[in-house]
J.: 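My structure is below; once you've seen it, I'll send some questions.
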Amino acid sequence: MKKSGAHIIWECLVREGVSTVFGYPGGAILPAYDAMLDYPIHHVLVRHEQGATHMADGYARASGRVGVAIATSGPGATNMVTGIATAMMDSSPIVCITGQVGSRLLGSDGFQETDITGVTLPITKHNYLVKRAEDVAPALREAFHIAATGRPGPVLVDITKDAQQSTCEFDWDAAAPRPHPRPERPLDTDAIARAIDLINAAERPVILGGHGILLSNASDIVRRFAEHAQIPLAMTLLGIGAVPASHPLNLGMMGMHGEAWVNTAIQEADLLLAFGMRFDDRVTGNIKTYAPNARKIHIDIDRAEIGKNVAVDVGLVGDLAEVLRRILPELAAGNRRRWLDYVNSLKGDAAVRDIKNLPDDGHLYAAHVVHDLWRTTRGGAVVVTDVGQHQMWEAQYYHHDEPRTLITSGGLGTMGFALPAAIGAKFARPDAEVWVVVGDGGFQMTMPELATIVQENVDVKIAIINNGYLGMVRQWQEFFYERRYAATPLTSPDFVKLADAFGLPATAVSTRTGVVPAIEQARDHKGTSLIEFRVEQEDSVYPMVPAGASLHAMIRRPSPLVETAEDA
Ligand SMILES: Cc1ncc(C[n+]2csc(CCOP(=O)(O)OP(=O)(O)O)c2C)c(N)n1
């Protein structure tokens, strides 16, 4: 069956199960857009190609399926770079398809020619430059395979205009990905036996739960593992939701803005079990003083992660759920009452986190907003956050009990992620209640996607946490640069009027009593609505481990703290 390269693109996408793509057209991808009309594909027209990549990423994170973004050559493709790097750092499976100038023009600095495979080489799991129609199907099929298997990640397929225009025989089966040339290595049975011995002998173990739990669909076995061995869990930012926040063994988030008792438990542990996490500097603090008395077992699907940042005693390479299925049956039932009691006793510190203990000065705090959002939605929303203080407050005060309900840019820390990623998440999970929690800074980076929301009739609720600053940077300036606020005070448009210009309902809230009614009103409204929360301007996220400091060197919220009558 002869088809054009352009038709083969969509033929492959449909057969890969894709129904929605996020994109923006242009000359070099025009043949593909023309062919798109012949296929049952829903195309979401974004307002900036960065938005398309974050939407594909949000779609992937919310569903576990591969997200697809599409753009033209040159500026269309380079606009995707931030989104691709974001997906790479957080192991999110997306396929980006870009048009490229005709193959005869390659290397001639043709109009809108950028060597996008060169540009994205270090930030893709793999990429392709396709110059013939015959190579479109094999490249796309392999791209989907690579994006979704092993450690997931972004794959870019750059297709020249003539490859889209010319025709060839289309054979789906013949285009199947070739078997992987590297043989699967069986799990190292000696290493498993050593891991079991270490776990059984440990008196003060802590599980470090990462994003890999979600990617491996290992939530259930991790919970059973922790319960059987009676080992408490500390979560990375991207691991949040992998084990219910309400589970008694789940201590909460670790790292720079982690709970004080979590970091203390890690520092005092005699064994760390790293499950699908990568010992990022934001979670370890100073490596030299990190968990000094702990042996370490690291389970990760990516061999390159083992020993990369932290030397480990046992490294197990494989799919987390599979590895745990091997270990769990041989594990002695744990009795670690003394350790668990001790760790729980550290939560005396929990008063610091208690919503009642925010200063009672009549001001609205971001933590109030997040706490009330959690209570009003009964923890059942998919929350997509941007990057900054509000992101940390969300992680601290919204308690996620379900996997894939916190979507956030962890590794790259990409401002502007939240709004487009939430659109993608809503397409992946149309029945879910999706909330955007975003700062006044990050919102302004990708706010044109409001137009996408309107055109597509998407229903996401937007909570802008407006503190009048680039808050997280201001906090660093307060703590480490003597309050010299260089380039962090931020003026914003009137967000309510802005929403109105897009035809979206909006309201502004500046008192605690106004928070819940505004949230409820937004929930009652069928369709997107926006709430601007005008919060305390110079509040900071506590505790904080300064970058490069030891994990136990936490800056705490200054006391005295005043109790309020607020019922939390
Ligand atoms: C694209 C990008 N540029 C710069 C930064 C550095 N940065 C990290 S947090 C932050 C401030 C974010 O301010 P805002 O969006 O208002 O959120 P807040 O911290 O106030 O909650 C900045 C500038 C970043 N993470 N991403």
Side-chain angles (χ1 to χ4, degrees), residues 48-51 53-54 57 78-90 123 237-238 255-257 280-282 358 363-371 373 383-398 406-422 435-449 462-481 483-493 495 498 508-510 530-542 544 546-547:
H48 187 293
E49 292 84 351
Q50 180 187 352
T53 49
H54 292 328
D57 188 346
T78 54
N79 274 352
M80 288 181 141
V81 165
T82 300
I84 294 172
T86 304
M88 184 71 178
M89 286 290 270
D90 287 349
I123 53 166
L237 175 66
L238 292 192
M256 180 175 275
H257 293 293
D280 178 75
D281 54 274
R282 286 293 189 268
L358 286 168
H363 292 204
L364 178 62
Y365 286 84
H368 288 145
V369 176
V370 175
H371 174 81
L373 181 64
V383 185
V384 187
T385 72
D386 215 72
V387 171
Q389 291 182 308
H390 65 279
Q391 179 188 32
M392 294 298 115
W393 280 313
E394 199 284 346
Q396 293 177 341
Y397 289 94
Y398 198 105
L406 170 58
I407 294 175
T408 193
S409 165
L412 200 65
T414 305
M415 285 172 71
F417 173 81
L419 186 64
W435 277 84
V436 177
V437 174
V438 59
D440 41 333
F443 182 72
Q444 292 185 64
M445 284 203 168
T446 49
M447 65 187 180
E449 300 304 343
I462 303 165
I464 301 177
I465 310 295
N466 184 358
N467 53 12
Y469 282 100
L470 297 173
M472 186 56 96
V473 181
R474 185 212 61 74
Q475 173 169 345
W476 284 49
Q477 290 169 332
E478 178 185 332
F479 288 5
F480 313 118
Y481 292 85
R483 286 209 150 142
R484 288 155 60 86
Y485 292 162
T488 44
L490 179 75
T491 55
S492 292
F495 289 119
L498 181 87
V509 174
S510 49
L530 181 151
I531 313 172
E532 176 196 353
F533 292 101
R534 297 179 183 150
V535 299
E536 176 67 3
Q537 295 209 318
E538 293 196 48
D539 191 18
S540 291
V541 183
Y542 297 98
M544 178 178 189

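Start at 1 and go down the list; that is how both ligands and their atoms are numbered.
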J.: Looking at P420 and T446, what are the two nearest heavy atoms and their distance?
T.: CD-OG1, 3.5 Å
J.: Please name all residues satisfying side chain to side chain contact (heavy atoms under 4.5 Å, CB included) with P448, sequence neighbours left out, ordered by chain then number.
T.: R47
J.: Any pair with a residue in residues 469-479 that passes salt bridge (Lys or Arg N to Asp or Glu O under 4.0 Å), sequence neighbours left out, goes on the list, sorted by first then second residue, please.
T.: R474-E478, R474-E538, E478-R483
J.: By side chain to side chain contact (heavy atoms under 4.5 Å, CB included), which residues pair with R484, not counting sequence neighbours?
T.: E482
J.: Measure up the H54 and F417 rings against each other and bin them: parallel (under 30°), tilted (30 to 60°), perpendicular (over 60°).
T.: perpendicular
J.: Residue by residue, ordered by chain and number, which ones reach under 4.0 Å of ligand 1 with a heavy atom?
T.: V387, G388, Q389, H390, G413, M415, G439, D440, G441, G442, M445, N467, Y469, L470, G471, M472, V473
J.: Would the distance check show the side chain of N467 and the main-chain N or O of E536 forming a donor-acceptor pair, the cut-off being under 3.5 Å?
T.: no
